[in-house]
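These notes are about the structure you will find just below.
Just follow the structure's listing: the first ligand is 1, and inside any ligand the first atom is 1. Since the structure is predicted, the reported quantities are computational estimates derived from the model, not experimental observations. Both backbone and side-chain heavy atoms feed into the values below; hydrogens, waters and symmetry mates do not.
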Amino acid sequence: MATIKVVVTGPFNVGKTEFVRTLSDIPIVSTERRITDHLKSTKEETTVAMDYGQVKVNGDLFHLYGTPGQSRFDFMWNILSTEMDAFIVLVDSCDRDTMLAAKPLLRTFRRLARKSQAPYLVAANKQDLEGAWSVEQVRKALGLNDKVPVVPCVAREKTSVHNVLRELKALL
Ligand SMILES: Nc1nc2c(ncn2[C@@H]2O[C@H](COP(=O)(O)OP(=O)(O)OP(=O)(O)O)[C@@H](O)[C@H]2O)c(=O)[nH]1
Ligand SMILES: [Mg+2]
């Protein structure tokens, strides 16, 4: 049985906590707190430290670590990415701003992954919403080459998050 550490990252409000919650076999450990700044019109709570969940697939145990999305909690990225085996970058396929925010985040995570050579993919989340960009549009917006898989995702659906995990496993 392999034990695999996966970091689920991405900009604010893209669905990281939802993704970890849907995929996890156990109730997740979350650190969501009420939003008090200008982002409070978007939603009530945000992750301030991490989400943690775990899932077993075909005898492999995946430890899932969701990062905070707000840049003021960036210091958690270093901590959570230590010894990661792979990472997932989520974007909101309906929110152009998250594509812009994902670019510097991708650069930082590629750098954090350099030593461990951890592979990654991009999950184009919220595909259930009207007007969602296609995976090809997301690829173009993020300037990704063909080697980086971009996988459609609905973080609320178990089959969908399992499909993303399967695609990630194929990179290991
Ligand atoms: N329609 C739809 N809504 C989603 C999906 N995934 C997440 N959401 C919603 O998007 C909002 C943000 O989800 P979160 O899981 O809190 O996002 P997050 O990336 O953890 O946010 P931060 O921790 O604040 O950065 C919530 O209202 C979710 O219910 C999806 O696939 N489809
Ligand atoms: Mg969150």
Checklist line | Heavy-atom pair with the smallest gap, counting every atom of Thr31 and Ala49 | finding: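 Smallest interatomic distance, heavy atoms only, reads OG1-N, 3.0 Å.
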Shortest protein heavy-atom distance from [atom], along with the residue and atom involved:
atom                    : result
atom 17 (O) of ligand 1 : Gly15 N, 3.0 Å
atom 15 (O) of ligand 1 : Glu18 N, 2.8 Å
atom 18 (P) of ligand 1 : Lys16 N, 3.4 Å
atom 31 (O) of ligand 1 : Ala155 N, 2.9 Å
atom 16 (O) of ligand 1 : Lys43 NZ, 2.7 Å
atom 9 (C) of ligand 1  : Arg156 NH2, 3.8 Å
atom 6 (N) of ligand 1  : Asn125 ND2, 3.2 Å

Under 4.0 Å from a heavy atom of [X]: which atoms of ligand 1 are those, numbered in the order shown and with their elements?
X      : answer
Gly69  : 25 (O)
Phe12  : 24 (O), 25 (O)
Leu129 : 1 (N)
Thr47  : 23 (O), 24 (O)
Thr46  : 22 (P), 23 (O), 24 (O)

Should we say atom [atom1] of [X] is surrounded by more than 12 heavy atoms from elsewhere, each under 6.0 Å from it?
X      : atom1 : answer
Arg96  : CZ    : no
Lys43  : NZ    : yes
Asn58  : CG    : no
Lys115 : NZ    : no

Counting only heavy atoms closer than 4.0 Å, does ligand 1 sit against the backbone of [X], its side chain, both, or neither?
X      : result
Arg21  : neither
Asn13  : both
Val154 : both

Margin query: Ring-plane angle category for Phe75 and Phe73, please: parallel below 30°, perpendicular beyond 60°, tilted otherwise.
Written below: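 Judged by the thresholds at 30° and 60°, the geometry between Phe75 and Phe73 is perpendicular.
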Next item on the list: Could you tell me whether the side chain of Ser160 and the main chain of Arg156 form a donor-acceptor pair under 3.5 Å?
Entry: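 Not a single qualifying donor-acceptor pair exists.
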Counting both backbone and side chain atoms, is some N or O of [X] under 3.5 Å from an N or O of ligand 1?
X      : result
Lys126 : yes
Asp128 : yes
Cys153 : no
Gln70  : no
Thr17  : yes

Notebook entry, point to check: Asp92 and side chain to side chain contact (heavy atoms under 4.5 Å, CB included): which partner among Val138, Asn125, Thr98?
Noted result: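 Of all the options given, the one that passes is Thr98.
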Checklist line | Asn13-Thr42 side chain donor-acceptor pair, cut-off 3.5 Å | finding: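 On atom types as modelled, these side chains do not qualify, holding no pair under 3.5 Å.
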Note to self: Test question: given the 4.5 Å side-chain rule for I, L, V, M, F, W and Y, name all other residues clustered with Val55, or answer none.
What the structure shows: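 Val55 shares its hydrophobic cluster with Ile4, Val6, Val8, Val14, Phe19, Val20, Leu23, Ile28, Val57, Phe62, Leu64, Ile88, Leu90, Leu121, Val151, Val161, Val164, Leu165, Leu168, Leu171, Leu172.
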Margin query: Quick check: is Phe12 connected to Leu142 through a chain of hydrophobic side chains (ILVMFWY, heavy atoms under 4.5 Å apart)?
Written below: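 In one cluster with Leu142: Phe12, no.
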Checklist line | Inter- and intrachain pairs under ring-ring contact (aromatic ring centres under 6.0 Å, His included), touching residues 113-154, at least two apart | finding: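 Sorted result for residues 113-154: Phe87-Tyr120.
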Checklist line | Per-atom contact, atom 26 (C) of ligand 1, protein heavy atoms, under 4.0 angstrom | finding: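 Given the 4.0 Å limit, the answer for atom 26 (C) of ligand 1 is no, no protein heavy atom qualifies.
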Next item on the list: State, with a plain yes or no, whether a side-chain heavy atom of Lys16 is found less than 4.5 Å away from one of Thr47.
Entry: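 No. Closest side-chain heavy atoms not under 4.5 Å.
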Item checked: Distance filter under 2.8 Å, centred on the Mg ion (ligand 2) - protein N, O or S atoms that pass it ->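 Checking every protein N, O and S atom gives Thr17 OG1, Thr47 OG1.
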Next item on the list: Would you mind listing every side-chain hydrogen bond (donor to acceptor under 3.5 Å, both in side chains) that reaches into residues 145-154, with sequence neighbours excluded?
Entry: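 Not a single pair qualifies under side-chain hydrogen bond (donor to acceptor under 3.5 Å, both in side chains).
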